[in-house]
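Numbering of residues begins at 1 and proceeds along the displayed sequence. Just so it is clear, the model here is predicted, and its values are computed rather than measured. We count ligands from 1, going down the list as the structure has it; atoms in each ligand are counted the same way.
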Amino acid sequence: MKYINNRLTIENVNFQKIANKFGTPIYCYSYFKLRENINKFRKNFKSFSPLICFAVKSNTNINLIREIKKFGLGADVVSMGELMLALKAKISPSKIVFSGVGKTSHELSFAIKKRILLINAESLSEIKEINRIAKLKKKKVRIGIRLNPNTDAKTIKQISTGKKGNKFGVNKNTFIKIVDYCKKSNNINLRCLSVHIGSQILDYKPYKKMLNAVSDILKKVDHEFEFIDLGGGMGITYSDKNKNLDYKKYNKAILNFLNKHQVKIIFEPGRSIIGNTGILISKIIYIKDSGKKKFIILDAAMNDLMRPALYGAIHKTLPVTKSSKVSKKIYEFVGPICESTDKFITLKGFQELNEKDLIAICDVGAYGMSLSSNYNLRPKPVELLIKGSKIKVIKKRQKYKEFI
Ligand code: LLP
């Protein structure tokens, strides 16, 4: 994304042109950025060729999943819906892992029927249920057990998942008991230990701690694991102040681990693959002066992009047409929804804006559209994939008749 003659462009297309044609708000994704992210991710870990399972929850657009599939990635799914979507996108079941604390019997039966690579179970009760279904179907099911390594991911509290108090995974003692249970079962084939300590992680040290915790437990249990699934969580740079995750150091920590344990590595990245490929384009409906600050009322809202309201997340916000006039007032970018948390960002020293101007909200490819809703009965935005000069509609704007 760059400015050409003061107009913000994505690949070879300028946003003004896209907005004129499709209306606003719009989710736009860059194909070349997606390709670059996947290649970079692979390169970072090329010495041990991991299986990369894209975390479908981060973006559930089937056309994007199809593109991701073409690069050879598998899928990490957390519900029957996501599993059906991954299969519909023709991802091979042998590259699908199923995570989540509350898989229902129906979901487990479906996953068993489809013979996916792994069901990563998160409790003894879930494993007993898998065992019961597998026995009925006379099948042996490949599973993983998710360990809660009690590691602080040093990320936003709400998206931290690997500490003692979190609902995810099982602690070391339970893990050991579950391994014993699995070994006695004829219908369970325990192949994997999985972990996922959180999302938007920018420091490699928590990952190193997590690997140490995994190594400790592998030494304690008498079982050969084929796979270690390290989850996802690699953070991206949402603001210029953000530091980057040191992939070299993370890779080195994994190589040390692999010296001690002969296993195959699985990753479940979402944000690091798709996060910075997406931009939300929105038009200013009104500008309301309230003394010290001006409310910039956009036609996008928290139903289209939930992250700021849900986590206080910051997304870089840019004008689509650049000018040199700086506003003296503070700008608060808000949506039309009847909630005070329906605001995106507050900025000082932004350029002078006018009603009908376009705004670009950056890095919304992950957990943008997938967290969107019809709150206030607002239709979901159109999604476009940009490849060079080509614009492809990958999901149409929702019509009112679809939900009224
Ligand atoms: N694997 C498991 C088991 C997960 O729970 C997640 C994300 C991932 C993989 C992918 O993590 P990633 O590489 O994308 O960080 N809505 C929040 C993020 C929630 C993440 C949930 N789990 C946000 O908008 O920041």
Side-chain angles (χ1 to χ4, degrees), residues 37-38 40-41 44-45 50-60 64-65 68 73-79 82-83 86 96-103 118-122 126 144-149 153-163 166-170 192-203 206-207 210 227-239 242 245 247 250 265-278 280 302 304-315 344 361-373:
N37 289 346
I38 294 174
K40 267 193 190 160
F41 193 94
N44 285 327
F45 303 110
L51 170 63
I52 307 168
C53 295
F54 175 67
V56 172
K57 67 172 84 62
S58 63
N59 194 306
T60 49
L64 290 175
I65 312 270
I68 289 168
L73 271 60
D76 160 50
V77 301
V78 290
S79 68
E82 287 189 5
L83 176 52
I96 299 181
V97 298
F98 193 174
S99 312
V101 292
K103 304 174 201 82
L118 289 165
I119 299 176
N120 284 337
E122 303 213 16
E126 182 185 348
I145 310 172
R146 179 163 172 185
L147 173 72
N148 182 326
K154 302 252 184 300
T155 179
I156 308 167
K157 190 174 100 246
Q158 297 97 315
I159 54 176
S160 185
T161 52
K163 272 168 62 182
N166 299 128
K167 70 178 174 184
F168 303 97
V170 297
C192 174
L193 180 157
S194 79
V195 271
H196 172 79
I197 56 172
S199 198
Q200 184 53 14
I201 298 171
L202 293 166
D203 184 356
Y207 280 129
M210 167 187 97
F227 300 103
I228 302 295
D229 180 342
L230 297 176
M234 296 83 169
I236 61 168
T237 46
Y238 282 105
S239 89
N242 239 173
L245 174 65
Y247 277 92
Y250 187 19
I265 297 292
I266 300 176
F267 284 121
E268 302 170 354
R271 193 189 316 264
S272 50
I273 300 294
I274 200 82
N276 64 2
T277 68
L280 176 60
M302 66 190 280
D304 305 304
L305 176 65
M306 183 82 161
R307 300 192 72 253
L310 200 53
Y311 312 113
I314 301 285
H315 285 264
F344 293 111
I361 304 176
C362 304
D363 308 311
V364 297
Y367 310 105
M369 196 62 186
S370 67
L371 269 169
S372 68
S373 75

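Annotation: side chain of Leu230 is in contact with side chain of Met210 (closest heavy-atom distance under 4.5 Å). Under the 4.5 Å side-chain criterion, counting only non-hydrogen atoms from C-beta, Thr277 is not in contact with Asn59. Looking at heavy atoms from C-beta onward, Leu310 lies out of side-chain contact with Gln158 at the 4.5 angstrom threshold. Side-chain contact between Ser272 and Phe267: absent, with no pair of heavy atoms (C-beta onward) separated by less than 4.5 Å.
Ligand 1 lies nowhere less than 4.0 angstrom from a heavy atom belonging to Ser272. Within the structure, ligand 1 lacks Gly231 among the residues with a heavy atom less than 4.0 angstrom away. Ligand 1 has Lys57 within reach: a non-hydrogen atom of the residue lies less than 4.0 Å from it. Taking 4.0 Å as the cut-off, Arg146 counts as a neighbour of ligand 1 on heavy-atom distance.
Here is the list of ligand 1 atoms found below 4.0 Å of a heavy atom in Gly270: 12 (P), 13 (O), 14 (O). For ligand 1, the atoms closer than 4.0 angstrom to any heavy atom of Arg271 are 12 (P), 13 (O), 14 (O), 18 (C), 23 (C), 25 (O). In the vicinity of Pro269, heavy-atom distances shorter than 4.0 Å reach the ligand 1 atoms 13 (O). Of all atoms in ligand 1, numbered sequentially from 1 with element shown, those under 4.0 Å from a heavy atom of Gly232 are 9 (C), 13 (O). In summary, the atoms of ligand 1 found under 4.0 Å from a heavy atom of Asp76, numbered by their order in the structure, are 1 (N), 2 (C), 9 (C).
A pairwise comparison of heavy atoms in Ile201 and Ala153 identifies CD1-CB, 3.8 Å as the closest pair. For the residue pair Glu126 and Ala121, the shortest heavy atom distance occurs at OE1-CA, 3.4 Å. Val78 and Phe98 make their closest contact through C-CE2, 3.4 Å (heavy atoms, listed as atom of the first residue, atom of the second, distance). The shortest non-hydrogen separation linking Ser58 to Gly270 is OG-CA, 3.4 Å. Residues Asp76 and Glu82 approach most closely at O-OE1, 4.0 Å, considering heavy atoms. Residues His315 and Pro308 approach most closely at CD2-CG, 4.2 Å, considering heavy atoms.
Remark: minimum distance from atom 12 (P) of ligand 1 to any protein heavy atom is reached at Gly233 N, 3.4 Å. Protein heavy atom closest to atom 24 (O) of ligand 1, with residue, atom name and distance, is Arg307 NE, 2.6 Å. Taking atom 15 (O) of ligand 1 as the reference point, the nearest protein heavy-atom neighbour is Ser199 OG, 2.4 Å. For atom 14 (O) of ligand 1, the closest heavy atom belonging to the protein is Tyr367 OH, 2.6 Å. For atom 1 (N) of ligand 1, the closest non-hydrogen atom of the protein is Glu268 OE1, 2.6 Å.
By the criterion of a heavy-atom distance under 4.0 Å, the side chain of Tyr311, and not its backbone, is placed next to ligand 1. At a heavy-atom cutoff of 4.0 Å, ligand 1 is contacted by the side chain of Leu371 but not by its backbone. Residue Ile201 does not touch ligand 1, judged by heavy-atom distances below 4.0 Å. Residue His196 touches ligand 1 through its side chain alone, judged by heavy-atom distances below 4.0 Å.
Here the side chain of Gln200 pairs a donor or acceptor atom with the backbone of Ile236 at under 3.5 angstrom.
Between the side chains of Asn37 and Asn276, at least one donor N or O sits under 3.5 Å from an acceptor N or O.
For ligand 1, none of its N or O atoms has an N or O atom of Gly198 under 3.5 Å away.
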